[in-house]
Amino acid sequence: MKRSEKRILLCLAHMSGNEMKYIQEAFATNWVVPLGPNVNGFEEDLAQFCSNGEKRVVALSAGTAAVHLALLACGVKAGDEVLVQSFTFCASANPVTYIGAKPVFVDSEKDTWNMDPELLEAAIIDRTEKTGQKPKAIVLVYLYGMPAKINEIVAVAKKYDIPLIEDAAEGLGSEYDGRVVGTFGQYGVLSFNGNKMITTSGGGALICPDDDAKGHIMYLATQARESYPYYQHTEIGFNYRMSNICAGIGRGQMTVLKEHIEHHRHIADIYREGFKDIDGITFHDETDDCMRSNFWLNTITLDEHLAVVGQEDVYQEMVKGAVGGAAGFVHESDNVHTDCEPNANVEAMRIFLDKANIESRPLWKPMHKQPVYKSSPAYTNGVSEELFRCGLCLPSGPCVTEEDARFIIAMVKEAIR
Ligand SMILES: *Cc1c(COP(=O)(O)O)cnc(C)c1O
C-alpha cells in the first residue's frame, strides 16, 4: 500500500509569522518575565481581532487556566453546580472540580455537535427543582471550531440569568452572524497549545467584558496581591500569567492567523468535495449560512455498516503511547475495551491511515462516559455517544497541503471494502 513520506499530523502549529522578531526584542530588552510589551501587545491584538477592541483580553499560561479563572469570576464556589457541554476535551470540565464545584453534563444537538439548547433548559429546570439552587454557570464549547446554536443558548442563559462561559479554545476566529465566537457570553476562553489554531508553545487567554473584569482576572492570575509595599493576601490567587517570551510567539502568530483560518477552510473544501460521493462517509459541515467555522479539525463520521479493511482484527491489543496528542504520556491500561468506544470500522480506518503515515483520532469521548465523571449528573439524548462511536478527526493544520488532503481522501477510499 501507499505511504506518505512525511507523517501527516492532525494539527501542528507552524511558525510562519515574525515570531522571532518579538522574541528577540524580549531578550534584547530583558523582558523575560510574565509581563511586558509582548504580553500587552498580544492582548491588544487579540481584543482587536475578536471584538474590534470592544472586549478586553488577559493572556494566561493555558486555556485550562482561563476556564478556571472564568468560573471563579462568575462566582462559582465549592458545592455549586456548573452546566458543562459533555462532548468536549476534559479541560472544559476539570476546572469545575478544581474549585470543588460539581459539573452537570449536557449533551449536544446533531447539527453543530455543540450543547443542545433545549436540553440545557431542561437541565436548568431539573437541577433547580432537585437542589433548590440554580446552576452557577454554563460552559459552552465550540467543538472542532464549529459555531454552536449561540442565539438559542444565549436566550436560555439570559432567561434564567446564568452567566455563560464560551470555551472557544478550538474556535479562535470562528464566527456566527459575523461575530467572533468567545464574545457572546460573559467570558470567552482561548487556547494557544501547540495543536490549536495558533500557538504560544503553550498558553491561553480569557476574553473579558470590560476593564473591571480584566483587572479582577489579572489579580487572580498573579497570586491575588493587595496594594501594600509587602505581600498582603485576602484571597487565594494563582500563578497563571503568560510569559513575555511566549506572548512574543503569540504576537508573531497573530500576523498569520487569518491565513491559517483560510488554510483550514481550504482543506475543509477539499475534504467536503472529496467525501461528497463516498457512500457511508459524512463530512461534518456548517449547517446554516450564519456559521463560519475555522475548521480547526476536519471530522467525518462513518456509517456503522461501512466495511473497512481489517475491522475484524481491531481492539486485540493495547495501543502503545498516546494516539494523536502532543502530550505523549499515558497511564498503562489493563483492558482493551471500555463500555463506550469507537465502532470497529472506525478503529480499522484509524489503523489503516496510520499505516499510510496519516495521523487520525476518534472524536472526544463524552465526559458523561468518562469513569472519572461517572457520578456526575448528565442530561443526555444519545447524540454525543453516537458521534463518538462513528467519528474520526482528520489532519487539518497549516502543515497539511492540498496534496496531503487528496492523499488522505484516496487512502480513506482505499480502506473501504
Ligand atoms: C485545548 C482545549 C482546552 C484547554 O487548553 P490548554 O491550553 O491545553 O489548557 C480547553 N477546552 C477545549 C475544548 C480544548 O480543546
Side-chain angles (χ1 to χ4, degrees), residues 10-13 34 42 46 57-71 82-98 103 105-106 108 112-115 137-148 150 153 164-174 181-182 185 187-207 221 238-243 246-247 249-250 253 264 293-299 322 324-329 361-368 370 373 384 387-388 391 393 396-397:
L10 278 173
C11 185
L12 189 67
F42 187 39
L46 284 166
V57 173
V58 182
L60 299 165
S61 56
T64 312
V67 176
H68 192 179
L69 295 184
L71 291 163
V82 176
L83 296 157
V84 183
Q85 181 166 322
S86 183
F87 202 15
T88 187
F89 178 55
C90 63
S92 310
N94 287 352
V96 176
T97 66
Y98 300 169
F105 295 110
V106 181
S108 294
T112 76
W113 299 6
N114 296 312
M115 193 184 273
I138 299 165
V139 181
L140 169 71
V141 184
Y142 298 105
L143 216 62
Y144 307 117
M146 195 61 77
I150 187 64
I153 297 280
L164 175 64
I165 298 167
E166 298 166 84
D167 181 346
E170 301 173 3
L172 179 59
S174 292
V181 303
Y187 291 95
V189 170
L190 301 175
S191 167
F192 313 113
N193 204 342
N195 58 358
K196 297 288 160 75
M197 287 306 288
I198 59 166
T199 192
T200 57
S201 81
L206 193 62
I207 304 174
F238 303 86
N239 181 9
Y240 276 172
R241 275 296 257 170
M242 179 180 281
S243 109
C246 294
I249 305 176
Q253 289 266 287
H264 281 249
S293 175
N294 64 12
F295 288 100
W296 170 59
L297 288 186
N298 287 281
T299 54
F329 191 84
R361 184 174 62 195
L363 306 184
W364 299 127
K365 180 165 180 169
M367 287 305 119
H368 72 272
Q370 297 288 359
Y373 285 122
S384 62
L387 288 168
F388 172 64
C393 301
S396 309

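Below, each value reflects all heavy atoms present in this structure, side chains not excepted, and no hydrogens, waters or symmetry copies. Whatever order the structure lists ligands and atoms in, that order sets their numbers, starting from 1.
Remark: F192 pairs with F42 by the ring pair (Phe, Tyr, Trp, His ring centres under 6.0 Å) rule, at least two apart or across chains. Residues that satisfy the side chain to side chain donor-acceptor pair (under 3.5 Å) test with Y144, not counting sequence neighbours, are absent from this structure. By the side-chain contact (heavy atoms from CB on, under 4.5 Å) test, A93 pairs with V84, F105, M367, Y373, sequence neighbours left out.
Residues lining ligand 1 at a heavy-atom distance below 4.0 Å are given as A62, G63, T64, T88, F89, A91, S92, V141, D167, A169, E170, S191, N193, K196, G203, ordered by chain and residue number.
Heavy atoms only, all atoms of each residue included: M242 and T200 are closest at CE-OG1, 3.7 Å.
Remark: side-chain polar atoms of S108 are paired, donor with acceptor, to backbone N or O of W113 under 3.5 angstrom.
Q85 and W364 are not linked by any side-chain donor-acceptor pair at a separation below 3.5 angstrom, with hydrogens and angles left out of the test.
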